[in-house]
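Worksheet for the structure shown next.
Atoms within each ligand, like the ligands themselves, are counted from 1 in listed order. All residue numbers refer to positions in the sequence shown, counting from 1.
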Amino acid sequence: MLCNVVVLCFWLLNAGGFSASFTLRQSGRMVCTFVEEQYHTGESGGAEVPLQRNVLLLLNSPDTEEERAARAREFQHGGVVTFLVKDPSLHVSRHADEDTDRLQCEMKRYSTAGIHVPWPGAGGAEADAPDNWFTCTIKHRENQFSVTAFLRQPPSPESELRFGDTDTLRVSAVFAVRSGPAVVETALRRDVRLDCGFSVDHARPDVTVEWRLQLRGERRKLFSYASRSGQAERLEGEVSVAEIPRGNASLRLAGVTLKSEGTYICSVYVPPLYSSQDIQLDIVERPRVSVSPSSSLTLQEGAEEKLACDIDGYYPLDVHVEWLREIPGERRLPHVVKHILFTSHRHNPDGTYGISAFFLLRASLQDHGVDYTCRVSHKSLRVSIRKRVRLAVEARPQTGTILLICLFTVLLMILGVMLKHLHKARQTSNKRKPY
Ligand SMILES: *[C@@H]1O[C@H](CO)[C@@H](O)[C@H](O)[C@H]1NC(C)=O
């Protein structure tokens with residue numbers, strides 16, 4: 001009985017998502033997708049190399065018998081290729097310290113494109129055959145950061161281009177490039193920092209850092225620095241050269257304008273390894289919304305009035321505007337006013353946009369106490385902006401009443417005329433009296 005309860009509790013905990021999850025730093029292990037860029041066919045009828053497969057990444061893990069047995073149990077079905085990564089100096093997991101569920105990892109082979117520079121780090125210089133290189137890119141699923149680590153497999157007789165389904169590859173992390181959020185949003189005229197950094201496994205590396213901006217197919221260089229010459233080229237933005245030896249290549253943009261928008265590419269080259277990170281900078285500017293007539297309006301029944309909503313100073317161009325008819329206190333979905341007219345887009349000198357949305361309201365008594373609300377949604381807004389006009393409608397006097405008033409006025413006039421005549425008649429009769 002007790003046993004059953006315990007089992008049930010475990011089951012509930014797991015079903016409720018309480019199963020233990022670890023950050024990459026805590027667990028030091030992660031499943032990655034290994035992508036083959038070239039399609040290798042097996043020679044003489046051998047098996048073809050799959051284009052994508054899962055591999056296991058183990059960071060600084062002791063390659064013990066128990067560890068191997070645990071792996072075999074976990075991946076019973078078909079086994080798994082394991083990358084045993086030695087990472088004593090870069091601490092890749094520290095730069096991607098997040099729940100492994102919230103990370104995605106992709107591995108590839110890396111080609112030095114014919115450049116045979118022996119790796120200057122530990123164990124690199126004595127090798128006469130070229131190293132095998134892999135890259136491992138760990139990204140936050142919500143694009144908060146990205147880290148690309150270069151994994152070196154020293155040349156050895158058994159290190160081949162192909163590896164079997166259960167092979168274990170011993171590699172070391174020697175170079176890593178990381179960046180902050182892949183998409184940065186900012187308002188105009190603000191200062192922005194785009195984060196980019198790197199780590200290398202040896203001191204005083206020969207490093208070249210470059211920032212470029214790509215916009216609609218056009219690329220322009222913003223900054224470059226080569227540690228070998230000590231020369232920096234500063235064209236746009238600010239990078240602190242003093243920070244570069246510390247692995248900090250962040251770019252600061254002061255007072256962004258619409259020309260600052262685009263994809264920023266931070267590239268770091270430590271021969272023979274080259275890595276670049278893309279960061280997209282989007283400008284978003286909030287609209288200012290006003291309605292006219294403002295806040296409250298009193299109309300005579302049957303009168304017409306133009307209700308206009310003015311939206312100004314927003315960027316980018318896409319904006320969604322609606323006029324709603326709402327009865328205060330009523331929980332029903334608001335009624336969307338049809339036949340709204342729009343002015344054409346205004347283009348402000350600072351690059352932002354403006355538009356007006358209006359309609360002609362003919363006041364009826366059912367409109368008394370009703371709110372007409374202009375609702376604006378835009379990329380810059382989490383919650384849409386609402387501006388309302390509360391309407392009061394005064395009844396027009398009834399036709400019967402008007403007739404009565406007319407009749408009464410006419411009667412009064414007739415009475416007036418009669419009194420005048422009477423008065424005159426009396427005066428003349430007074431004059432005529434001879435005595
Ligand atoms: C990198 O350098 C910039 C100055 O260019 C500084 O503002 C920033 O705090 C530094 N980042 C880190 C992580 O040290």
Side-chain angles (χ1 to χ4, degrees), residues 23-26 59 87-99 102-103 135-150 173-214 219-257 259-270 273-283:
T23 69
L24 184 60
R25 202 170 160 186
Q26 288 165 337
L59 296 168
D87 178 21
S89 57
L90 305 190
H91 310 295
V92 170
S93 63
R94 233 183 255 174
H95 298 299
D97 195 25
E98 178 62 81
D99 251 332
R102 304 185 68 192
L103 297 174
T135 58
C136 170
T137 300
I138 300 172
K139 275 189 183 154
H140 187 266
R141 283 194 194 276
E142 279 119 50
N143 279 330
Q144 287 306 302
F145 58 78
S146 166
V147 185
T148 297
F150 285 77
V174 299
F175 173 47
V177 178
R178 60 185 180 274
S179 64
V183 181
V184 174
E185 283 188 358
T186 175
L188 285 170
R189 298 172 283 275
R190 298 279 169 79
D191 297 349
V192 188
R193 204 180 74 210
L194 305 179
D195 283 326
C196 178
F198 62 94
S199 324
V200 190
D201 71 343
H202 57 280
R204 288 180 299 282
D206 170 14
V207 58
T208 304
V209 172
E210 206 172 86
W211 277 97
R212 277 164 295 154
L213 170 58
Q214 179 158 319
R219 266 188 190 206
R220 66 172 195 264
K221 196 200 261 187
L222 307 177
F223 171 86
S224 78
Y225 171 79
S227 66
R228 189 174 275 197
S229 64
Q231 297 283 306
E233 201 178 349
R234 296 181 178 86
L235 302 166
E236 278 173 61
E238 277 172 50
V239 179
S240 162
V241 166
E243 285 284 324
I244 291 178
R246 274 175 246 171
N248 176 2
S250 296
L251 174 75
R252 190 173 159 272
L253 301 170
V256 299
T257 65
K259 289 208 184 84
S260 316
E261 213 174 24
T263 304
Y264 287 76
I265 304 155
C266 167
S267 62
V268 185
Y269 180 53
V270 179
L273 310 176
Y274 173 88
S275 178
S276 67
Q277 304 276 330
D278 287 6
I279 303 163
Q280 190 186 317
L281 183 71
D282 286 347
I283 310 277

Identity of the nearest option to atom 3 (C) of ligand 1, non-hydrogen atoms only, from L251, V241, V239, N248: N248
Contact partition for R193 relative to ligand 1, non-hydrogen atoms under 4.0 Å: side chain
Side-chain donor or acceptor of N143 paired with backbone N/O of P181 under 3.5 Å: no
Pair E210 + R212: basic N to acidic O under 4.0 Å: yes
Salt bridge flag under 4.0 Å for residues E236 and R220: yes
Residue S240 vicinity, atoms of ligand 1 by number, heavy atom under 4.0 Å: 5 (O)
Proximal ligand 1 atoms for E243, defined as those under 4.0 Å from one of its heavy atoms: 1 (C), 2 (O)
Between T23 and D97, a side-chain donor and acceptor under 3.5 Å: yes
